[in-house]
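Below is one structure; the comments refer to it alone.
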Amino acid sequence: MGGKVVTVTSGKGGVGKTTATANLGISLANLGKKVVVIDADIGLRNLDVIMGLENRIVYDLVDVVEGRAKLRQAMIKHKKFEDLFLIPAAQTRDKMAVSPKDMVELTDKLREDHDYVIIDSPAGIERGFRNALEPADEVLIVTNPEVSAVRDADRIIGLIEAADKGPGRLIINRLKTEMVNKGEMLSADDVFDILSLEIIGIIPEDESVLSASNSGVPVTLNEGSRAGMAFTNVARRITGEDVPFMNLEENPGFFKRLMRFLDGR
Amino acid sequence: MTSLLNRLFGRPRKGSGKTAKDRLRFVLQHDRINLPPERLEEMKRDILAVIVKYVVIDKDRVEIALEQRDRNHSKLVAQIPVVKQTVPPSPETIMDSHENNSDRPADETAGSVDEGKSADDDAEDAAATSDDGKGADEEEKENKN
Ligand SMILES: Nc1ncnc2c1ncn2[C@@H]1O[C@H](COP(=O)(O)OP(=O)(O)OP(=O)(O)O)[C@@H](O)[C@H]1O
Ligand SMILES: [Mg+2]
């Protein structure tokens, strides 16, 4: 069956699906994989700007589905990676323009000569989510350490299981270590306790994510970015590599805490 | 001092993070079985209304809780202490009996009664669970000792 289809979803909006999709696409390409990322958020096209490819768009997903363009024509090659492509969402159509079956057909073609097809799902549990879920071999659920985001993640996890696409893995995005240490934020362990789903990544809150979206150069391409490193680790875990979780100082060891205490911090 | 211990041994137990976790647990319990808190209370009242048609229960010690291991394993766990009773009471006495005997469910009563009591005494004791029976029961015991 060739390549693997990975769907990035969340339930709640604005938790970081598009950011995650862009960064995973780039990280996987950086690892030498052949990758296509698909923006399934029809009507709210975003992935193109996050990846800095907005001015290259001619055709989009709906053009392909409705036969106005060949698949190849809608695949925009990344500036930096030979084997990374974006299929943008249509901006002026709605989600009903594409069906889950269309998505399966499309991704089946893409699988033939790519290692990974990553789908950026829209928020919500309606058609757009169904479109993104149907072709998935693996589902990544993005959430923030926050009550409403985790609640919506739970709902979406239930739907993913009901559709036989489970269990899925979790990306906990925008974790603030300092706040967790003060007891003022849910920790990754808390989220795990509640959702009982494997965690594939913990991404720290990182200002460089904003600068990255300003410039259209995802954080994974920024050597110093902690969020970028965390996304790269997720990409490696997707490929099956066993990567230890990086020290987000979320749960520092006893001596570290002792030092910090003696330091008066 | 607590803050010292917290700094040394991990993150604080209090704080809004803990509150967030508790609130999430609560919300998800109801989300996952699609039964909002108010409906659950309603169901509890309905369950009890059926039970009191048959036995006298110790209303104040009733516990009906929703327990959840994970998304797919929820169960209702009920502890409904039954007050020992020989003559089926009229509906009014059911309600009345709780007020006066809330601390005496059947199992405990049985424990204190068993030793050396005749079947008749036993029956009397059980009957004593309504209203002024409590006083009679205590007198009874004093007589025996
Ligand atoms: N780790 C992070 N640190 C800081 N900011 C972040 C992080 N992840 C995401 N953001 C910011 O959060 C916002 C929402 O991110 P993004 O657009 O990826 O979410 P989304 O889930 O795709 O939203 P939507 O549901 O609208 O599609 C953006 O402004 C982004 O820059
Ligand atoms: Mg998005």
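Being a predicted model, the structure only gives us computed values, none of them experimental. Order of the sequence lines sets the chain letters (A, B, ...), proteins ahead of strands, with each chain counted from 1.
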Residues A:Glu126 and A:Lys95 bridged, charged N to O under 4.0 Å: no
How many angstroms lie between CG in A:Asn214 and CG in A:Leu210, if you round to the nearest 0.5 Å? 4.5 Å
Using a strict threshold of under 4.0 Å (side-chain N to carboxylate O), is an ion pair present between B:Arg32 and B:Asp70? no
Among A:Thr232, A:Thr220, A:Thr18, exactly one meets side-chain hydrogen bond (donor to acceptor under 3.5 Å, both in side chains) together with A:Asn23. Which residue is that? A:Thr220
The residue among A:Thr19, A:Asn173, A:Val142, A:Ile172 that forms side-chain contact (heavy atoms from CB on, under 4.5 Å) with A:Ile203 is A:Asn173
Those residues of residues 153-160 of chain A, ordered by number, that approach chain B below 4.5 Å (heavy atom to heavy atom): A:Asp154, A:Ile157, A:Gly158
Centre of A:Tyr116's six-membered ring, under 6.0 Å away, within 45 degrees of the axis: is that where NZ or CZ of A:Arg111 sits? no
